[in-house]
Asks: 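My questions all concern the structure below.
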Amino acid sequence: MSCRSASEEDRAGLKDVLTRCPELDTAAGHVRDFGEILSSRLGATLPARIDAVDASQLPGLTGFALERRTLPEPDYIELAIFGWWWTRMRER
């Protein structure tokens, strides 16, 4: 279910959960930002967003930021994203 198709009750419930858990709210914001980067082709903003993810110090997300920093050149950011995603999908 996408947020667009969620009922008002579901939206209110999600808002309540995010209000009660600031870490989850921060993670949800990072996910929304990443979706916006992909859907709007805002690749130039990706390094700054990855830095913001790292600064939030959320388990699971900071590992991604750390992996990105190990790449030799910024041009490989896309490779890092999709390689990281593909690796995680195969582990399931």
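Along the sequence shown, residues are numbered consecutively beginning with 1. All values below were derived from every heavy atom in this structure, side-chain atoms included, with hydrogens, water molecules and symmetry-related copies excluded.
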Asks: Any chance you could lay out the side-chain contact (heavy atoms from CB on, under 4.5 Å) test for R20 and D25, step after step, and finish with the verdict?
Replies: CA-CA 9 Å; R20 292 176 188 221; D25 189 35; over 6 Å; no
Asks: Kindly indicate, with the supporting measurements, whether the criterion side-chain contact (heavy atoms from CB on, under 4.5 Å) is fulfilled by V53 and L58.
Replies: CA-CA 8 Å; V53 168; L58 293 172; over 6 Å; no
Asks: Kindly give the heavy-atom pair with the smallest separation between T19 and K15, and that separation in Å.
Replies: OG1-O, 2.8 Å
Asks: If you round to the nearest 0.5 Å, how far is CD1 of I37 from NE2 of H30?
Replies: 11.0 Å
Asks: What distance separates R49 CZ from E36 CD, expressed to the nearest 0.5 Å?
Replies: 11.0 Å
Asks: How long is the span from the CZ atom in F34 to the CD1 atom in I50, to the nearest 0.5 Å?
Replies: 8.0 Å
